[in-house]
Amino acid sequence: MTIPRNAFPAIFSNLAKASEKQQLYVLEKLFSELSESMQLKSSSRKVSPETIKNQITEDLQNQYPEIMKKAEYTEERGVHRALRWGEKVTTLQKSLIDRYLLKGDEFFVENDLFICEACGFIFLGKTSPGLCPVCKAPEKRFTKVS
Amino acid sequence: MYASRNIELCSKDCLCLFVCPTGAADTETGQIDRDLCLDGCRLCVDACPSHAIYLVMNNYPEPGVKNEELTSLMMALLERKTEQEQAARNLESAAQKPGEKKLAMALGKSLRILAEDCAREAGFMLPQSRSVRDMLKELTETVDSEKNEIISKLLREIGKVK
Ligand code: SF4
Ligand code: SF4
């Protein structure tokens, strides 16, 4: 399998987390370093929320359903789970962008955004949502975006 | 196997300190000193009133062989999530309005978490697994010397825990 160049930062930041959970702190640090050294620099290419929304919509309309169909008759439970959570989180990303476009900038300044570190679910509100509705992680797995 | 403390659950009742035969449970950082911990002893695990200590394996089984087609599909999805993450980061750095910046920051983080989940399901879940070691070795041929230095340290460290 060839690995696309841009995939390495996420592969390594994930391995850093997996090392940390086993208290392999030296490994954690090295994986983080490698992840960061392979991170693409952000460009000044103009991106709008709509652009991201379009990419996400493509995932929801085609990518997830197609991969799910392929996964259906396999025993890959991890893949099934990742696809289900991923689809939900992505649906909510899209609705968050929709709310931004509809309600405007002020609304996002007045409210806080909380992210579930376990599955990526983003919650908009005044306080964190408690249990994660997507993956059921407890409240302490939520971090506030600021 | 060595003991590990979930620091968020620990209520500092210190019963683990009373039973630990080596002093491994008594540290400044709050985490148990795995170098002093006796393999499989687990006295502290049973003594803790807050169920804050668990045992971590030294050796994990090699993950099972994954379905190749699905693995490549998850890799392709990972590529897409990363492109979107990059777009969100670009939006974040270019954003003029504070709400837009916040939205972009949240999307970037969320997309990274999705990308990481794809990475696990594409076969890179366990740091000490063969697939990770092979991938690192292959990577040495295409990256500069600075990254190669990190990779050789990584391979050495993984060799110690495997
Ligand atoms: S016995 Fe449990 S609660 Fe008490 S210090 Fe040890 S880990 Fe913490
Ligand atoms: S498992 Fe035994 S040696 Fe290790 S920290 Fe607990 S009591 Fe101490």
Side-chain angles (χ1 to χ4, degrees), chain A residues 1 3-4 6-7 9-11 13-15 17-19 22-24 26-27 30-31 33-34 37-38 40 42-49 51-52 55-56 59 63 67 70-71 74 76 78-79 82 85-86 89-90 93 96-97 100 105-109 113 115 117 119-122 140 145, chain B residues 4 8 31 34 56 66-75 77-84 86-94 97-100 102-103 105-107 109-121 124-127 132 135 139 146-147 150-151 153-154 157-158 161:
Chain A
M1 178 175 54
I3 304 173
N6 73 1
I11 292 177
S13 61
N14 174 56
L15 291 171
K17 289 182 187 172
S19 303
Q22 299 176 62
Q23 294 171 49
L24 301 171
V26 180
L27 274 187
L30 290 167
F31 276 124
E33 267 174 41
L34 192 55
S37 75
M38 297 193 81
L40 297 166
S42 66
S43 80
S44 50
R45 193 168 54 91
K46 187 91 187 81
V47 180
S48 67
T51 327
I52 303 174
Q55 290 170 308
I56 287 175
D59 282 2
Q63 304 295 323
I67 308 176
K70 294 255 164 61
T74 69
E76 299 277 352
V79 174
W85 286 3
V89 169
T90 307
Q93 286 171 348
L96 192 70
I97 302 177
Y100 179 78
D105 211 76
E106 263 311 291
F107 186 67
F108 273 61
V109 178
L113 294 175
I115 296 189
E117 296 288 340
C119 72
F121 165 63
I122 309 172
K140 64 177 187 218
V145 179
Chain B
S4 183
E8 286 176 80
Q31 192 45 270
R34 67 175 280 203
V56 183
K66 291 181 97 64
N67 177 309
E68 245 173 71
E69 190 191 9
L70 277 186
T71 325
S72 344
L73 287 170
M74 292 312 278
M75 189 51 86
L77 191 58
L78 163 55
E79 190 177 7
R80 291 186 57 83
K81 296 299 172 194
T82 307
E83 279 161 14
Q84 294 162 16
Q86 197 62 31
R89 289 187 198 281
N90 288 346
L91 176 63
E92 184 189 331
S93 58
K97 293 174 272 182
E100 189 175 54
K102 198 151 113 185
L103 168 71
M105 209 187 283
L107 286 172
K109 286 190 177 175
S110 170
L111 285 159
R112 168 58 66 96
I113 294 169
L114 290 184
E116 290 176 342
D117 205 7
C118 293
R120 285 193 284 274
E121 295 309 324
F124 304 112
M125 172 141 18
L126 185 68
V132 171
M135 176 260 292
L139 192 59
E146 183 206 339
K147 296 183 190 70
I150 308 178
I151 294 175
K153 283 188 203 160
L154 267 170
E157 282 299 315
I158 292 175
V161 298

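Below, chain A is the first sequence line, B the second, and so on; all start at residue 1. The analysis underlying the following values was restricted to heavy atoms, covering all of them including side chains, and did not include hydrogens, waters or symmetry mates.
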Nearest atoms (heavy-atom pairs only) where B:L126 meets A:L15:
C-CD2, 4.1 Å
Measure across A:N14 and B:E116 and return the closest heavy-atom pair with its distance rounded to 0.1 Å.
N-OE2, 3.6 Å
Indicate yes or no: at least one non-hydrogen side-chain atom of B:S4 is less than 4.5 angstrom from one of A:Q22.
no
Toward chain A, the part of B:Q31 with a non-hydrogen atom under 4.5 Å
side chain
Max heavy-atom pairs within cutoff under 4.5 Å with chain B, candidates A:Q63, A:Q23, A:E117, goes to A:Q23
Chain B contact via A:T74 - which portion, at a heavy-atom distance below 4.5 Å
side chain
Can you check whether A:E33 reaches B:L154 side chain to side chain, under 4.5 Å on heavy atoms?
no
Picking from B:E83, B:R120, B:K153, B:R89, which has the most non-hydrogen pairs under 4.5 angstrom with chain A?
B:R120
Looking only at heavy atoms and a cut-off of under 4.5 Å, which of B:A88, B:S110, B:A119 has the most pairs with chain A?
B:S110
Could you measure the distance from the CG atom of B:L107 to the CD1 atom of A:I56? Nearest 0.5 Å is fine.
5.5 Å
At a heavy-atom distance under 4.5 Å, which candidate from B:P98, B:C118, B:S72, B:A115 has the highest pair count against chain A?
B:P98
Contacting moiety of A:E76, where chain B heavy atoms sit under 4.5 Å
side chain
Report the distance from atom OG of A:S37 to atom CD1 of B:I151, rounding to the nearest 0.5 Å.
8.0 Å
How many angstroms lie between atom CD1 of A:I52 and atom CG of B:L111, to the nearest 0.5 angstrom?
7.5 Å
Scored by heavy-atom pairs under 4.5 Å with chain B, the best of A:A18, A:A71, A:S13 is A:S13
Using a 4.5 Å cut-off on heavy atoms from C-beta on, say whether the side chain of B:R112 contacts that of A:P9.
yes
Taking it one step at a time, do B:E100 and A:Y100 satisfy side-chain contact (heavy atoms from CB on, under 4.5 Å)?
CA-CA 8 Å; B:E100 189 175 54; A:Y100 179 78; 3.1 Å; yes
At a heavy-atom separation under 4.5 Å, does B:M125 approach chain A through its side chain, its backbone, both, or neither?
backbone
Pair count under 4.5 Å, heavy atoms only, with chain B: among A:T90, A:L96, A:I67, highest is A:I67
Determine the minimum heavy-atom distance between A:Q55 and B:R80, stating which atoms define it.
O-NH2, 3.2 Å
Whatever's closer than 4.5 Å to a heavy atom in chain A on B:Q84 counts as both
Which atom names give the shortest non-hydrogen contact between B:A106 and A:L113, and what distance separates them?
CB-CD1, 3.7 Å
With chain A, the option among B:N67, B:L70, B:V56 that has the most non-hydrogen atom pairs under 4.5 Å is B:L70
Minimum-distance pair of heavy atoms, taken over all atoms of A:V47 and B:A87
CG1-O, 3.7 Å
Decide side-chain contact (heavy atoms from CB on, under 4.5 Å) for B:I113 and A:W85; before the verdict, give the C-alpha distance in whole Å, the side-chain angles of both, and the deciding distance to 0.1 Å.
CA-CA 11 Å; B:I113 294 169; A:W85 286 3; over 6 Å; no
Any non-hydrogen side-chain atom of B:L78 less than 4.5 Å from a side-chain atom of A:N6?
no
Does any part of the side chain of B:V132, heavy atoms only, come nearer than 4.5 Å to the side chain of A:F31, both counted from C-beta?
yes
Residue pair B:K81 / A:D59, side-chain heavy-atom distance below 4.5 Å
yes
Identify which part of A:V79 has an atom lying under 4.5 Å from any heavy atom of chain B, answering side chain, backbone, both or neither.
both
Which one wins on heavy-atom pair count under 4.5 Å against chain A: B:E92, B:E68, B:M74?
B:M74
Examine whether an atom of A:I115 lies under 4.5 Å from a heavy atom of chain B, and if so say whether it belongs to the side chain, the backbone or both; otherwise answer neither.
side chain
Give, for atom NZ of A:K70 and atom CD of B:E69, the distance between the pair rounded to the nearest 0.5 Å.
5.0 Å
Locate the shortest heavy-atom distance separating B:G99 from A:D105; write the atom from each residue and the value.
N-OD2, 2.7 Å
From A:L24 atom CG to B:I158 atom CD1, the distance as rounded to the nearest 0.5 Å:
9.5 Å
Sort A:E106 into side chain, backbone, both or neither according to what part of it lies under 4.5 angstrom from a heavy atom of chain B.
neither
Below 4.5 Å from any heavy atom of chain A, which atoms of B:L77 appear? Answer side chain, backbone, both or neither.
side chain
